[in-house]
Amino acid sequence: MKSHKYIFVIGGVMSGVGKGITTASIGTILQAKGHKVNLAKADPYLNVDAGTMNPTEHGEVFVLNSGLETDQDMGNYERFLNRDLANADYMTSGMVYKEVIEKERSLKYRGKCVEAVPHIRDEIVHRIVESGKANNSDITIVEIGGTVGDYQNAMFYEAARFLKIKNPKDVTFVMVSYLPVPPKLGEMKSRPTQHAMHQLMSFGIQAEFIIARSEVAIDHKRKEKLANACNVPAENIIAAPDIDSIYDVPLNFERDKFGDMIEKTLSLKHKQIDISPWRNFVTKTKKARGVVESENPVKKVHIAIVGKYFDTGDFVLSDAYVSIIEAIKFSAYSLGVKPELHWLNSKKFESDTVVDEKTGKHVEKVLSPAEITKRIKETFKNIDGILVPGGFGETGIEGKIAVIKHAREQGIPYFGICYGMQLMVIEYARHIAGLTGAQTAEIDPKSEHLVIDIMEHQKKLLEAGKYGASMRLGGYPCVLNPKTIAGESYSKAGWTLKVGEKHPSGRVVKEGIKYEIQKSSVYIIERHRHRYEVNPEYVTQLVDAGLVFSGTSPDGHLMEIAELPRESHPFFLGVQFHPEFLARPLDPHPIFTAFVSVCSKKTK
Ligand code: GLN
C-alpha cells in the first residue's frame, strides 16, 4: 500500500513572514503535478474556534462550507488549491484540549492519569491523520501556527516529531525563516535562523528545507554557511525575497524545482508539473496592474469600502478584510482593470470628534442632514462603486445608511454584503416603502418596524449566553430568480447547480438537507455568518415598493439576495451571505465580477 506523506511547515525567528503562503504554495505546486494534496492548519490558540476573535486583532474569521469558523490562512489555502477545505483541516489547541478533557470526563481513558504527553500529542496526531482521510489525499501539508520556541505551540511540534519517528520516510519539515539585512550593516545575517534551527533541534526535529525569507535573495556564500550550521544541503535552501504579489510564490517555487525536491525527499513518484492556469492568472494580474506590458493601458476602478473598523490603519485592514480585497482583485484582473480601494469610516458621515472649549475633552458633534449630504457628495465624487461589508453592532450604522441612500439616488453601483445587505433593506424600507424608523433587532429590538430580525432558535441560544457558534454558519443552498442580475451572473459563470451536481470546488446540493430542496430547481451554495435575517413579515411591502428578492432559501422563507431591476439602477444589490469566501483566483466570484464590471463602465 502507498504510504501517506506529511509535510510540516514551521516558522523560525519571527511570525508574519509568509508561512501560510509557503504552505499554500507548496500545495499549489504539488497539486499542479497531479498529487492529491490537502492543507491543514494547527493554531495554537485556546479558542475552540476563531469565531470569538476580534478581526482587527487576529484578522478575518474565515468560514468553511461546514460552518466552522477558522483563521484567515484557511482562506488562502482554498484560494491556492481552488477548492473547498474539510472541517478536519483545521484545529486549535482549544479544540484538542476540549476533546481530551471531555473524554477524560466520560471515563474514556479508563482511570489513567491524563497528560499532555501522550494524550494531547496523540489527539493531534489523530487529527492530522484524519484530515488526510477526510480529503482522500496522498500528501498532507500542515502549517503549525506561531514560531519555534513559543510556549503555546510546543505540543504540535511534539506531535510532528512523533509522526516522523513512527514514519521516518514519510515525513519532512520545511522551516520558513527570516534573514534580516540590518540597514547599518547592509549585509544579510543568517545567525537568527541558525538559532531557530538549533531550537527546533532541541525539540528533536531536523528541518530538511529552509525557505530563506528576506528583502533580497540569499546568496551562495550565505547558503553554504547556513547549510553547514543547520545540517541542511545548500540546494535545499530556497531563496524567497520580498515580492509584490503572493500569487508569484508558486511560480518561484516551480522555477526553483522545489516540487521535484520534495518528491525526491519523500520518495514520491516524479510527476511533470502543469502550472499554466496559475501562470495565466499571474500574467493577467501583472497586465492589469501595469507591472508588465499590455495591449491596453491600465484602467483604474475606484471602489469605496465603507465600514466601521477603518480608523485602525491600513495594516490592520488588509488582514481584517482579506477575502473581500482578494475577491475584488480576482474579478478586476479577470476584466483587465486595476482596483483602487478607498477605506472610509462611516462614522465620518454621522459626526465629528471635536474638542469641547469648556472642558477641553473630546466630544462627538452630530452633523446636520445638510452637512452629511455635502460631505457624502464630496467624498464620493470620483468613486465608481461602493461596497459595505459585513459587520456587527451599532457603530457607524446611520452613516452607512446615508451612504447607501446616496448610492441609490445617484445611480452609483452598490454592493452590500451581509450587514451591508441588511442596511440596504433598511434604507429602502425607510425611504421608499414608507416604513419610517425601520430598523434591525441587532440595534433596537423594540423598534416599530423590525425589517431585519432574529430567528427563533438563535434567540434561545443568545438568551442562554451562548455566543460561540450561535449564528447561521456555513454553506446553504439558495434558489435564484434567473431573470435578475444575480440569476444571470451566476448562470453565466457556471455556478448554478442541480440537485446532486458537483461544482469543481466541491460544492454539492444534497437532497433532503436544510430546507425543501426541489429536484427541478437550480441552486447556488453560499456561506453564511450572521444572526439576523430579512423579516418575512415585511417582504410583501418591500416587493410592492420595487425591491426584488432574486435569491431565497429553497423553502422561500429567507431572503438571500436583494436587488433593484437594471431599469431603475445600474447595480444596487445586497447578499445575506459572504460571497468573498468563495472567490478564487482561477474562478472569480460572479457577483463581484458583475459589480466591478458595472463600476468600470461608469463614466463621469
Ligand atoms: N450583524 C449582522 C448579523 O448578525 C450581520 C453579520 C455580518 O455582516 N456578518 O446578522
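Start at 1 and go down the list; that is how both ligands and their atoms are numbered. Because the structure is predicted, anything quoted here is derived from the model rather than measured.
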Could you give the N/O to N/O pairs under 3.5 Å linking ligand 1 and the protein, each with its distance?
{"residue": "ligand 1", "atom": "1 (N)", "partner": "G391", "partner atom": "O", "Å": "2.9"}
{"residue": "ligand 1", "atom": "1 (N)", "partner": "E442", "partner atom": "OE1", "Å": "2.6"}
{"residue": "ligand 1", "atom": "1 (N)", "partner": "E442", "partner atom": "OE2", "Å": "3.1"}
{"residue": "ligand 1", "atom": "4 (O)", "partner": "R531", "partner atom": "N", "Å": "2.9"}
{"residue": "ligand 1", "atom": "8 (O)", "partner": "G391", "partner atom": "N", "Å": "2.9"}
{"residue": "ligand 1", "atom": "8 (O)", "partner": "G391", "partner atom": "O", "Å": "3.4"}
{"residue": "ligand 1", "atom": "8 (O)", "partner": "Y419", "partner atom": "N", "Å": "3.0"}
{"residue": "ligand 1", "atom": "9 (N)", "partner": "R529", "partner atom": "O", "Å": "2.9"}
{"residue": "ligand 1", "atom": "9 (N)", "partner": "H578", "partner atom": "NE2", "Å": "3.1"}
{"residue": "ligand 1", "atom": "10 (O)", "partner": "Q422", "partner atom": "NE2", "Å": "3.1"}
{"residue": "ligand 1", "atom": "10 (O)", "partner": "R531", "partner atom": "N", "Å": "3.1"}
{"residue": "ligand 1", "atom": "10 (O)", "partner": "Y532", "partner atom": "N", "Å": "2.8"}

Any side-chain donor near an acceptor of the partner, E326 and Y321, under 3.5 Å: no

Between H578 and H528, is the gap from one ring center to the other below 6.0 Å? no

Using the rule ring-ring contact (aromatic ring centres under 6.0 Å, His included), only one of F595, F577, Y490 pairs with H589; which is it? Y490

Would R472 count as a cation-pi partner of Y476, with NZ or CZ less than 6.0 Å from the six-membered ring centre and within 45° of the ring normal? yes

Do Q576 and Q422 have side-chain atoms, one donor and one acceptor, less than 3.5 Å apart? yes

Tell me, please, which residues at least two apart from P504 pass side chain to side chain contact (heavy atoms under 4.5 Å, CB included). none

